[in-house]
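All ligand and atom numbering here is 1-based and tracks the order in the structure.
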Amino acid sequence: MTFDKAAARQAIPALSRCAYLNTGTFGPLSTPAREKVAEMMAYAEKMGPYTPDCYRTMLSELEQTREVIAETIGAESSDNIALTRSTTEGASIVAWGIDWQRGDRILTSTHEHTGGFRALQLAAERFDAEIDFWDCPDDDDARLLEAFEAKLRAERPRLVMFSYVTSDNGWRVPIAEMVPLAHRYGALFMVDAAHAEGQFAIDVGALECDFLAGCGHKWLGGPQGTGFLYIAPWLTGRLLLTWSGALLVDTAPDKGSIFEMGTRPWYSYSGMRAAIHHQEGMGRAVLEAEAKRNAQWFKERLREMPGVEILTPLEPARSTGLVALKYGAVSVPDLSGYLWDEAKISVAVWGERMRVAVAYYTTRDELELLLDVWGRVRKID
Ligand SMILES: Cc1ncc(COP(=O)(O)O)c(C=O)c1O
């Protein structure tokens, strides 16, 4: 399948207005996703939301989206999927769904994002469990796995939670090797897949993880406020229910959808499904390869720059399109404001760190523009 970048970019209107390098924060919405939301809203507007036809359509749309997500992430069935509003919501369902006992341990890392760990931290506080934010080795997977096994042996955590791709340094964590180790020591494994879905193929069947939380509003280009939680079949009927909604009182307890709370903007999930289909239409492996090629090229450019520390692993197998760096000093007080005002470049900047999201639609011209505009204010020692 050949990749038509110009056509791919045309389907994302925001790209014509700015250099959008911030997909790691919020992905730009694709036109097919927006059109599907609009189509479904117009349908509900015309029919009346609680009429037999519209209600049936709503249930069918939600179920189709669960099915498509199950298929794309390699889940056995849509029964293992809950539609959520975000990765954070998925992680929260798990955090509050485990029957924590005093002294239970949770193992996670210092790389995690609030969305993945905060609910776990709160649950640990409430139930007298312990959470260990491990400053794990991230420069060598073999060393990580060895240290991970030692941690498991020593701490015997009940749950391990790691990101598939870390938010702070764009490291693609060796989840596939970590899950069996965690299981060997009796721990459940939750994956924060906020930066995985839409970047590379996820296969929960092969991973055998227990939970995986992702979203539609980053790399998928879906509507904001869309996400999903995968719950392994053997756990779907066991995870405790913390909140509920009238729609789901008759739902069987072993269906993931039982964790979906109350009335929601169901059109958005149709939009999320359209976003997945849109990417599939272009070939997801093709999109992944395109993003990775450009991210590697960008990292090579950064390597030539004095004073820049690349935080993301250089090896393609240990990284994705998310590139984080430490940039040292600049002569402007607010770098992200400067980049926007000067050249309409959107990147994530925090402290002296910058995170550049290279997606399949990102061009080398955009990355060159960033280097050029930022280069004008860089202070090089
Ligand atoms: C690794 C990671 N997990 C979770 C989140 C939160 O995602 P959401 O807004 O879908 O809850 C983010 C957001 O950037 C993230 O980087």
Side-chain angles (χ1 to χ4, degrees), residues 20-29 33 65 69 73 81-96 106 108-123 131 133-134 136 138 159-175 178 189-200 202 209 211-230 259-261 264-265 268-269 271-272 275-276 311-313 318-325 336 346-351 353-359:
Y20 199 88
L21 303 173
N22 218 340
T23 297
T25 306
F26 294 142
L29 186 66
T65 303
I69 290 169
I73 66 165
I81 305 295
L83 297 176
T84 63
R85 287 169 300 175
S86 59
T87 316
T88 307
E89 185 176 316
S92 303
I93 290 169
V94 176
W96 298 110
I106 300 164
T108 186
S109 87
T110 49
H111 286 289
E112 301 312 316
H113 185 275
T114 332
F117 76 75
R118 186 68 180 129
L120 286 172
Q121 191 179 38
L122 292 170
I131 183 162
F133 290 93
W134 179 31
C136 60
D138 60 2
L159 177 77
V160 174
M161 191 282 286
F162 264 74
S163 290
Y164 218 148
V165 179
T166 56
S167 175
D168 62 341
N169 71 342
W171 165 38
R172 181 168 169 172
V173 179
I175 297 291
M178 293 174 82
F189 203 112
M190 171 160 77
V191 184
D192 174 341
H195 296 292
E197 179 59 2
Q199 281 224 81
F200 55 85
I202 299 174
C209 58
F211 310 103
L212 182 139
C215 64
H217 45 228
K218 292 188 192 288
W219 300 87
L220 274 179
Q224 290 198 333
T226 54
F228 63 91
L229 173 68
Y230 162 78
F259 295 101
E260 298 169 8
M261 180 172 61
R264 284 153 311 137
S268 300
Y269 295 104
M272 182 190 190
I276 294 173
L311 304 170
T312 308
R318 303 182 67 240
S319 56
T320 63
L322 204 59
V323 181
L325 55 120
S336 86
S346 174
V347 286
V349 174
W350 67 101
R353 284 174 177 226
M354 189 193 301
R355 194 181 65 185
V356 181
V358 182

Task: Within 6.0 Å of CZ in Arg85, more than 12 heavy atoms from elsewhere - done: no
Task: Residues forming a side chain to side chain contact (heavy atoms under 4.5 Å, CB included) with Ala196, sequence neighbours excluded - done: Tyr164, Ala193, Phe200, Ile202
Open item on the list: At less than 4.0 angstrom from any atom of ligand 1, which residues have a non-hydrogen atom? List them by chain and residue number.
Closed with: Gly24, Ser86, Thr87, Thr88, His113, Ser163, Ser167, Asp192, Ala194, His195, Cys215, His217, Lys218
Task: Which residues share a ring pair (Phe, Tyr, Trp, His ring centres under 6.0 Å) with His111, sequence neighbours left out - done: Trp171
Open item on the list: Test of understanding: with ring pair (Phe, Tyr, Trp, His ring centres under 6.0 Å), list the residues that count as partners of Tyr230, not counting sequence neighbours.
Closed with: none
Task: Atom of Arg318, atom of Asp138 and distance for their closest heavy-atom approach - done: NH2-O, 2.6 Å
Open item on the list: On a heavy-atom basis, which atom in Tyr269 and which in Gly227 lie closest, and how many Å separate them?
Closed with: CE2-O, 4.0 Å
